[in-house]
Participant: 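The structure follows.
First the proteins, then the strands, lettered A, B, ... as listed; each starts at 1.
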There are 2 protein chains.
Amino acid sequence: MTTDTRAAGDLLRLDRQICFSLHAASRAFNGVYRTVLADLGLTYPQYLVMLTLWEDDGLPVKEIGDRLRLDSGTLSPLLKRLETAGYITRRRSEHDERSVVITLTMAGDDLRAEAAGIPLRMAKATGLTLDELQTLRTLLTTVTENLDEADL
Amino acid sequence: MTTDTRAAGDLLRLDRQICFSLHAASRAFNGVYRTVLADLGLTYPQYLVMLTLWEDDGLPVKEIGDRLRLDSGTLSPLLKRLETAGYITRRRSEHDERSVVITLTMAGDDLRAEAAGIPLRMAKATGLTLDELQTLRTLLTTVTENLDEADL
DNA sequence: CACAATTCAGTTGTGCACAACTCAGTTGAG
DNA sequence: CTCAACTGAGTTGTGCACAACTGAATTGTG
């Protein structure tokens, strides 16, 4: 195609910028969450797990991993820390001894109220409008799906 | 405001989705880069450093850190690994003995040609159009700037 | 029923992110 | 000129991501 050379050039520069900007954005988000979550004694990935449990308590490790795309190598120690912090309990499933069911403790459930204000603070911190946030989410979701399917 | 309640609800859900989608997108990108960069023996952050050096060789560690928003705690061991891999050399600056100047080796420079096809492959893997990529980059950059300025 | 294949949680090892710190070299105020 | 403040690189310790692995429990097939 006639536009290939120019388009390829654009892509080269763009990739470099996206490469940087995505990495930077991910870390910037993480940094702000770090600050916001410090009061609760949670890290960002731990917060993701708590969000999941606040929505559906009593999930097995596998299900949490599927929803958050995290494997046992990440979740096992993370959940151990949440257990030590007193926010969750772990017990083997009665139906399937291979599964470990994660349940919120009182303290873990109470944390929900304390965390209630976080999403709004974060959304405001991004400085984007609702529409822009929607667009961003859509693009990120699309990219993720495509990247997951891409076999190179 | 009259729309506050509804807007707050939207934001709650949206934050949860953005929270997930950004984390997922960041890891999806990282995963594909992992595959693509495996041939070169580079990780994604190492690739970012090499991109920087291919653009401007002979930078001090501090400057690389500023451009990539990485601190010495991350860069020092990373650069040590790149040195071990034979892609860079490190030497103290003559003008300022505190600085360590990073220089590409022959092998490090040769890698540039091997890496030439990566950006296009990545851009294609995202499955987005040029316009969409532009939009994504703009949103990410804006978000990063806002988050960095946000004091909570 | 028996056993091979699968599933699930956990461990190990490597690398990145970041806070808090050390230490050598440099700079600036008095 | 001197010494306190600052700067740059590096180290240490904690936590996450992920590949590769182990071992126990379960399932499916002959």
Side-chain angles (χ1 to χ4, degrees), chain A residues 19 22-35 37-38 41-50 59-66 68-85 88 90-102 144 148, chain B residues 19 22-35 37-38 40-50 59-85 88 90-102 144 148:
Chain A
C19 177
L22 188 78
H23 206 59
S26 174
R27 283 170 27 238
F29 252 99
N30 217 303
V32 177
Y33 267 114
R34 188 190 312 278
T35 306
L37 293 171
L42 293 177
T43 65
Y44 180 41
Q46 287 168 8
Y47 173 63
L48 292 181
V49 169
M50 294 302 285
L59 294 174
V61 174
K62 179 67 166 62
E63 176 64 23
I64 296 175
D66 285 346
L68 300 180
R69 292 165 177 276
L70 294 173
D71 69 3
S72 63
T74 300
L75 277 177
S76 288
L78 186 156
L79 292 169
K80 204 170 288 182
R81 282 185 284 271
L82 284 179
E83 188 181 34
T84 303
I88 64 166
R90 299 189 295 165
R91 63 162 205 284
R92 289 277 160 188
S93 164
E94 291 165 13
H95 310 300
D96 187 340
E97 291 283 334
R98 290 172 305 180
S99 289
V100 168
V101 174
I102 306 298
T144 301
D148 282 347
Chain B
C19 176
L22 187 80
H23 205 61
S26 174
R27 284 172 23 240
F29 253 99
N30 216 303
V32 176
Y33 267 113
R34 188 190 311 279
T35 305
L37 293 171
L40 309 183
L42 293 177
T43 65
Y44 180 41
Q46 287 169 10
Y47 172 63
L48 293 180
V49 169
M50 294 302 286
L59 294 174
V61 174
K62 179 68 166 63
E63 176 63 23
I64 296 174
D66 285 347
R67 295 196 189 186
L68 300 180
R69 293 164 175 274
L70 294 172
D71 70 2
S72 64
T74 300
L75 277 177
S76 287
L78 187 156
L79 291 170
K80 203 170 287 180
R81 282 185 285 271
L82 284 179
E83 188 180 34
T84 303
I88 63 166
R90 299 189 294 165
R91 64 161 206 283
R92 289 276 160 189
S93 165
E94 291 164 13
H95 310 299
D96 187 340
E97 292 283 334
R98 291 171 304 180
S99 289
V100 169
V101 175
I102 307 298
T144 301
D148 282 346

Participant: What's the OH-C1' distance between A/Tyr33 and D/dG15, to the nearest Å?
Facilitator: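 Atom OH in A/Tyr33 sits about 18 Å away from atom C1' in D/dG15.
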Participant: Closest approach to the side chain of A/Leu70, judged atom by atom: which nucleotide of D/dG10, C/dG10, D/dA17 is it?
Facilitator: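 Looking only at heavy atoms from C-beta outward on A/Leu70, the closest nucleotide is D/dA17.
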Participant: At 4.0 Å (heavy atoms only), tell me whether B/Ser99 reaches a base, stays on the sugar-phosphate, or touches nothing.
Facilitator: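 If one applies the 4.0 Å heavy-atom cut-off, B/Ser99 turns out to touch the sugar-phosphate alone, with no base involved.
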Participant: On DNA chain D, does the nearest nucleotide to A/Arg69 precede the nearest nucleotide to B/Gly73 from the 5' side, or the other way round? Give the residue.
Facilitator: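 Of the two residues, B/Gly73 wins.
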Participant: Distance check needed: D/dA9 P versus B/Glu63 CD, whole Å only.
Facilitator: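 The answer, rounded to whole Å, is 10 Å.
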Participant: Does a side-chain N or O of B/His23 approach OP1 or OP2 of D/dA17 to a distance below 4.0 Å, or not?
Facilitator: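 Result: yes.
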Participant: From C-beta outward on B/Asp96, which listed nucleotide comes closest to its side chain: C/dG25, C/dG15, D/dA25?
Facilitator: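 Nearest to the side chain of B/Asp96 among the choices is C/dG25.
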Participant: Whole-Å distance between D/dG15 P and A/Leu42 CG?
Facilitator: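 The distance from CG of A/Leu42 to P of D/dG15 comes to 12 Å, rounded to the nearest Å.
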Participant: Before accepting this row, confirm whether a basic side-chain N of the pair A/Asp96/A/Lys62 lies closer than 4.0 Å to the acidic partner's carboxylate O.
Facilitator: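 No, this pair does not count.
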Participant: Under 4.0 Å between a side-chain N or O of A/Arg92 and OP1 or OP2 of D/dA25?
Facilitator: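 For A/Arg92, the contact criterion (side-chain N or O under 4.0 Å from OP1 or OP2 of D/dA25) is not met.
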Participant: From the list D/dA9, C/dT6, D/dC18, which nucleotide is the closest neighbour of the side chain of A/Asp71?
Facilitator: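 Selected nucleotide (nearest to the side chain): D/dC18.
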Participant: Measuring from the side chain of A/Arg98 (C-beta onward, heavy atoms only), which nucleotide among C/dA9, C/dT26, C/dT6 has the closest atom?
Facilitator: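 Of all the options, the side chain of A/Arg98 is nearest to C/dT6.
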Participant: When you match B/His95 and A/Ala28 each to their closest nucleotide on DNA chain C, which lands nearer the 5' end?
Facilitator: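 The residue mapped nearer the 5' terminus is A/Ala28.
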Participant: Looking at the base of D/dG8, is there any donor atom on it, or on the side chain of B/Ser72, that sits under 3.5 Å from an acceptor on the other one?
Facilitator: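 Between D/dG8 and B/Ser72, which were checked side chain against base, a qualifying N/O pair under 3.5 Å is absent.
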Participant: Toward the 5' end of DNA chain D, which comes first, B/Leu75 or B/Gly31, by nearest nucleotide?
Facilitator: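 Taking each residue's closest nucleotide, the earlier one in sequence belongs to B/Leu75.
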Participant: Whether A/Ser76 contacts C/dG10 is assessed here as follows: a side-chain N or O lying under 4.0 Å from the phosphate OP1 or OP2. Is that the case?
Facilitator: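 Result: yes.
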Participant: Whole angstrom is fine here: how far is it from CD in B/Glu94 over to P in C/dT26?
Facilitator: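 The answer, rounded to whole Å, is 12 Å.
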Participant: State plainly whether the residues B/Glu83 and B/Arg90 are in salt-bridge range, i.e. N to O under 4.0 Å.
Facilitator: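 Yes, charged N to carboxylate O under 4.0 Å.
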Participant: Given 3.5 Å as the limit, does a donor-acceptor pair link the side chain of B/Asp71 with the main chain of B/Thr74, or not?
Facilitator: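 Checking the backbone N and O of B/Thr74 against the side chain of B/Asp71, a donor-acceptor pair under 3.5 Å is found.
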Participant: Please state how far atom CD in A/Glu97 lies from atom C1' in D/dT27, giving the value in whole angstrom units.
Facilitator: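 Roughly 16 Å, once rounded to whole Å.
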Participant: With respect to the side chain of A/Thr43, which nucleotide from D/dG15, C/dA9, D/dA17 is positioned closest?
Facilitator: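 Closest of the options to the side chain of A/Thr43: D/dG15.
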Participant: Side chain of A/Pro60 only, please: which of C/dA9, C/dG25, D/dA17 is the nearest?
Facilitator: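 It is C/dA9.
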Participant: B/Lys62 has an atom NZ; how far is it from atom P of C/dT26, in whole Å?
Facilitator: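 So the two atoms are 16 Å apart, to the nearest Å.
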Participant: Please lay out, stage by stage, how B/Tyr44 and A/His23 fare under the test ring-ring contact (aromatic ring centres under 6.0 Å, His included).
Facilitator: CA-CA 10 Å; B/Tyr44 180 41; A/His23 206 59; 4.9 Å; yes
Participant: Do other residues, nucleotides or ligands put more than 12 heavy atoms under 6.0 Å from the CZ atom of A/Arg27?
Facilitator: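 It does: A/Arg27 CZ has more than 12 such atoms within range.
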Participant: If I take atom OH in residue B/Tyr44 and atom C1' in nucleotide C/dT14, what distance separates them, rounded to the nearest angstrom?
Facilitator: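 After rounding, the gap between these two atoms is 19 Å.
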Participant: Look at the side chain of B/Arg34 and decide which nucleotide, out of C/dG15, D/dA25, D/dC18, has an atom nearest to it.
Facilitator: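 Minimum distance to the B/Arg34 side chain belongs to D/dC18.
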Participant: Any side-chain N or O of B/Lys80 less than 4.0 Å from the OP1 or OP2 oxygen of C/dG15?
Facilitator: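 Result: no.
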Participant: Using a 4.0 Å heavy-atom cut-off, does A/Leu78 contact any base of the nucleic acid, only the sugar-phosphate backbone, or nothing at all?
Facilitator: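 Answer is sugar-phosphate: A/Leu78 comes under 4.0 Å of backbone atoms only.
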Participant: For B/Asp148 and C/dC18, what is the distance between atoms CG and P respectively, to the nearest whole Å?
Facilitator: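 So the two atoms are 10 Å apart, to the nearest Å.
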Participant: Using a 3.5 Å distance criterion without hydrogens, assess whether the side chain of A/Arg91 forms a donor-acceptor pair with backbone atoms of A/Val101.
Facilitator: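 Between the backbone of A/Val101 and the side chain of A/Arg91 there is no qualifying donor-acceptor contact (under 3.5 Å).
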Participant: Let me know, please, whether A/Arg27 or A/Arg90 comes out on the 5' side of the other along DNA chain C by nearest nucleotide.
Facilitator: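 Of the two residues, A/Arg90 wins.
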